[in-house]
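Owing to the predicted nature of the structure, the values given are computational and were not obtained by experimental measurement.
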Amino acid sequence: NPAFTTFIGKKVDFNINISKEENSIITNDNVIVYKKLSHILVDWYIVYAVNKTIALSFLFDLINLISFLLPLSLLIIIAIALKYSAWIVQPIEKLTHATEEIIKTKNYTNIVEIKGKDEITKLSNSFNKMTQTTNFALRQLEEENKFRLTRFVQLINFFNTIIQTNNEEECLHLSIDYLKTLTKLEEIHFVKHSQDNTNYIHLHVNDFEKSKKWYFGSITLNIKEFEDKNEQQFYYSVATMITLQLDRIKMINTTVSVSNAKSAFISHISHELRTPLSAIMGYTAYLINYEMLLDEQLDIISNIDSSAHYLLSMINETLDIAKIEAGKMEVYFENIDALELTKSVYNMILPLAQSKEISLTIDNAIGEFRCNTDPKIFKQILINLLSNAIKFTSYGVITITLSCDKERINISITDTGIGISEENLKILFHDFIQIKNSSEERQEGTGLGLSLSKRMAHLLNGDIYLKSDGIDKGTCAYFYIMLE
């Protein structure tokens, strides 16, 4: 009620709009607070006005104090943070450096020393245990690898030792001696009876005739217990190598026996056949040259003589193959003129080609060329190849081409004959194989010429192979000798 306004203290002029029962107002000069009274003075307001400077002096003082204390507090906080950050970061840096060093050097023996009882110390201890465990595992693995490598080398040396043996007794003797040296045990020996015991390594060899394995015997090891399963496997590998060598010895002995028996049989039969054949050929030659025979009789005698020569040729070729297989064919290398030797074969074969009206030519691309070879075998190979070419060529041309390079001398014989199918190319070098000539019902020869020629070429450090584009497209036989 402005009419009955009462002032306490210094009168302050202010103009406010009292619109609420209670409010506070800040003017430019004063802080004013008012509140409506109740009960008897229901329409009265109590108004409190204080000069702003006086009222907010405490707040200003507080702000000034805070303004002073804030930089100081920040400096203290920064100092504490730096101290504690160094205390925290340093161990982490140590761990980081140790990790980088391990990655770089692969050295797991580095230990990080951090003292304390906090979580970082626990982490560093765990890190040290991890590196120690890893280092132990790596050393153990390295030792195992060295041991495995040693065993592997021992296994190779063992095999290289027993592979030189020529009989079962020698193989077993060397194997036991090697095992004694390996295990440093003297109580190692071979037994024939079987024992179901891990201290024995059992030998089972092949029966090639019955296609099954049979028990050969056992070798005692006298090792009570293997520390490592892989060690037991090592001795199983030793047993496998022994049985392989025993199988090899048996196979070689069987093969040699069969080969010797075959060679002896062929030699004996050939000798028995040559004697009557020589007599037949002598009688037929006498009858043809010195007896006055009728034409019919002459034809019969000529057929007998031709058949005898055919049988003798077959016997000689069969004997040559048997000698090569037995390793008994002797080779004598000489320094010869390849062109001169080829011309001598050419002159020998030329009448046979002329009898069939076939043109036989030599295409020389090397001139006079000398090489080391066996002239007899060289001529025999050329004779066989040229005879084949003439046999399967009804008309046309056969060309002998000589060439050479830094590694070998090459002789090719190209004909315009019946050609060879792809199927026959794969089998022509087998023994007793002939291809059919559609123009002739019967082919002369044994079917051994190409097979024999190829084996002879191998003796001269060379080879023979055939090429043909197919039936009726001719054939080319390639014969080469490597130059040493």
Rounded to the nearest 0.5 Å, the CG atom of Leu298 sits from the CG atom of Asp305 at a distance of 10.5 Å

Taking Thr475 as the fixed residue, which of Ile398, Ile413, Ile420 is the one that meets the side chain to side chain contact (heavy atoms under 4.5 Å, CB included) rule? Ile420

Are Lys192 and Phe216 in a cation-pi contact, defined as NZ or CZ under 6.0 Å from the six-membered ring centre and within 45° of the axis? yes

Can you give me the closest heavy-atom contact between Asn166 and Glu170, atom names plus distance? N-OE1, 3.1 Å

Any non-hydrogen side-chain atom of Leu402 less than 4.5 Å from a side-chain atom of Asp363? no

Are Leu339 and Leu341 close enough that some pair of their side-chain heavy atoms sits under 4.5 Å apart? no

Spatial distance of atom CD1 (Ile162) from atom SG (Cys171) [nearest 0.5 Å]: 4.5 Å

If you compare all heavy atoms of Leu352 against all heavy atoms of Ser355, which two are closest, and at what distance to 0.1 Å? O-OG, 2.5 Å

Taking Thr416 for its side chain and Val397 for its backbone only, find out whether a donor-acceptor pair lies under 3.5 Å. yes

More than 12 heavy atoms of other residues, nucleotides or ligands under 6.0 Å from NE2 of His458: yes or no? yes

Beyond-backbone contact of Cys371 with Leu483, side-chain heavy atoms, under 4.5 angstrom: yes

Between Glu144 and Arg148, is there a side-chain N and carboxylate O pair less than 4.0 Å apart? no

Please determine whether salt bridge (Lys or Arg N to Asp or Glu O under 4.0 Å) holds for the pair Lys454 and Asp463, giving the CA-CA distance in whole Å, both sets of side-chain angles, and the decisive distance to 0.1 Å. CA-CA 6 Å; Lys454 192 174 185 69; Asp463 202 357; 2.9 Å; yes

Evaluate whether atom NZ of Lys376 has more than 12 neighbouring non-hydrogen atoms of other residues, nucleotides or ligands under 6.0 angstrom away. no

Would you say Val205 and Lys213 make side-chain contact, with heavy atoms under 4.5 Å? no

Asp374 CG to Lys379 NZ distance, which is reported to the nearest 0.5 Å: 11.0 Å

Using modelled atom types only, decide if a donor and an acceptor are shared between the side chain of Asp247 and the backbone of Asn206 within a distance under 3.5 Å. yes

When you look at Val153 and Leu155, which way does the side-chain contact (heavy atoms from CB on, under 4.5 Å) test go after all the steps? CA-CA 5 Å; Val153 173; Leu155 206 59; over 6 Å; no

In short, Val191 meets Tyr215 closest at the heavy-atom pair O-OH, 4.1 Å

Test Asn157 against Tyr178 for side-chain contact (heavy atoms from CB on, under 4.5 Å), laying out the working first. CA-CA 10 Å; Asn157 292 336; Tyr178 190 89; 3.9 Å; yes

Can any side-chain N or O of Thr393 pair as donor or acceptor with the backbone N or O of Ile390 at less than 3.5 Å? no

For Lys343, I'd like to know if atom NZ has over 12 heavy atoms of other residues, nucleotides or ligands within 6.0 Å. no

Looking at Gln354, I'd like to know if its CD atom is crowded, meaning that more than 12 non-hydrogen atoms belonging to other residues, nucleotides or ligands lie closer than 6.0 Å. yes

Check whether Arg408 reaches the backbone of Tyr480 with its side chain - one donor and one acceptor, N or O, closer than 3.5 Å. no

Answer yes or no: is there a side-chain heavy-atom contact under 4.5 Å between Gln245 and Ile163? yes

To the nearest 0.5 Å, what is the distance between CD (Glu422) and CG (Asp469)? 11.0 Å

Approximate separation, where rounding is to 0.5 Å, of Asn167 CG and Ile249 CD1: 6.5 Å

Check step by step if side-chain contact (heavy atoms from CB on, under 4.5 Å) holds for Phe234 and Leu182. CA-CA 12 Å; Phe234 168 77; Leu182 194 65; 3.3 Å; yes

For the residue pair Cys404 and Ile409, what are the closest heavy atoms and their distance? CB-CA, 4.1 Å

Check whether any side-chain N or O of Tyr346 sits under 3.5 Å from a backbone N or O of Leu360 as a donor-acceptor pair, and report yes or no. yes

Contact between Met241 and Phe158 at the side-chain level, heavy atoms closer than 4.5 Å - yes or no? yes

Can you tell if the side chain of Val331 reaches within under 4.5 Å of the side chain of Ile377, non-hydrogen atoms only? yes

Candidate pair Ile418 and Ile471, rule side-chain contact (heavy atoms from CB on, under 4.5 Å), full reasoning: CA-CA 6 Å; Ile418 63 173; Ile471 302 299; 5.9 Å; no

Distance only, no hydrogens: is a donor on one side chain within 3.5 Å (strictly under) of an acceptor on the other, for Glu334 and Thr373? no

Return yes if some donor-acceptor pair links the side-chain N/O of Gln164 with the main-chain N/O of Thr161 below 3.5 Å, else return no. no

Neighbour count >12 (heavy atoms, 6.0 Å) for atom CG, Asp295: no

Think Lys467 forms a cation-pi with Tyr478, using NZ or CZ under 6.0 Å from the six-ring centre and within 45 degrees of its axis? yes

What is the minimum heavy-atom distance between Ser387 and Ile349, and which atoms define it? OG-CD1, 4.0 Å

Atom pair CG (Asn372) and CD1 (Ile336), whose distance is rounded to the nearest 0.5 Å: 8.5 Å

Verify whether the ring centers belonging to Phe479 and Phe378 lie closer than 6.0 Å. yes

Work out which heavy atom in Leu203 is nearest to a heavy atom in Ala239; give both atom names and the distance. CD2-O, 3.8 Å

State whether the number of non-hydrogen atoms from other residues, nucleotides or ligands found under 6.0 Å of Tyr465 atom OH is greater than 12. yes

Is there side-chain contact between Ile156 and Asn160, with heavy atoms separated by less than 4.5 Å? yes

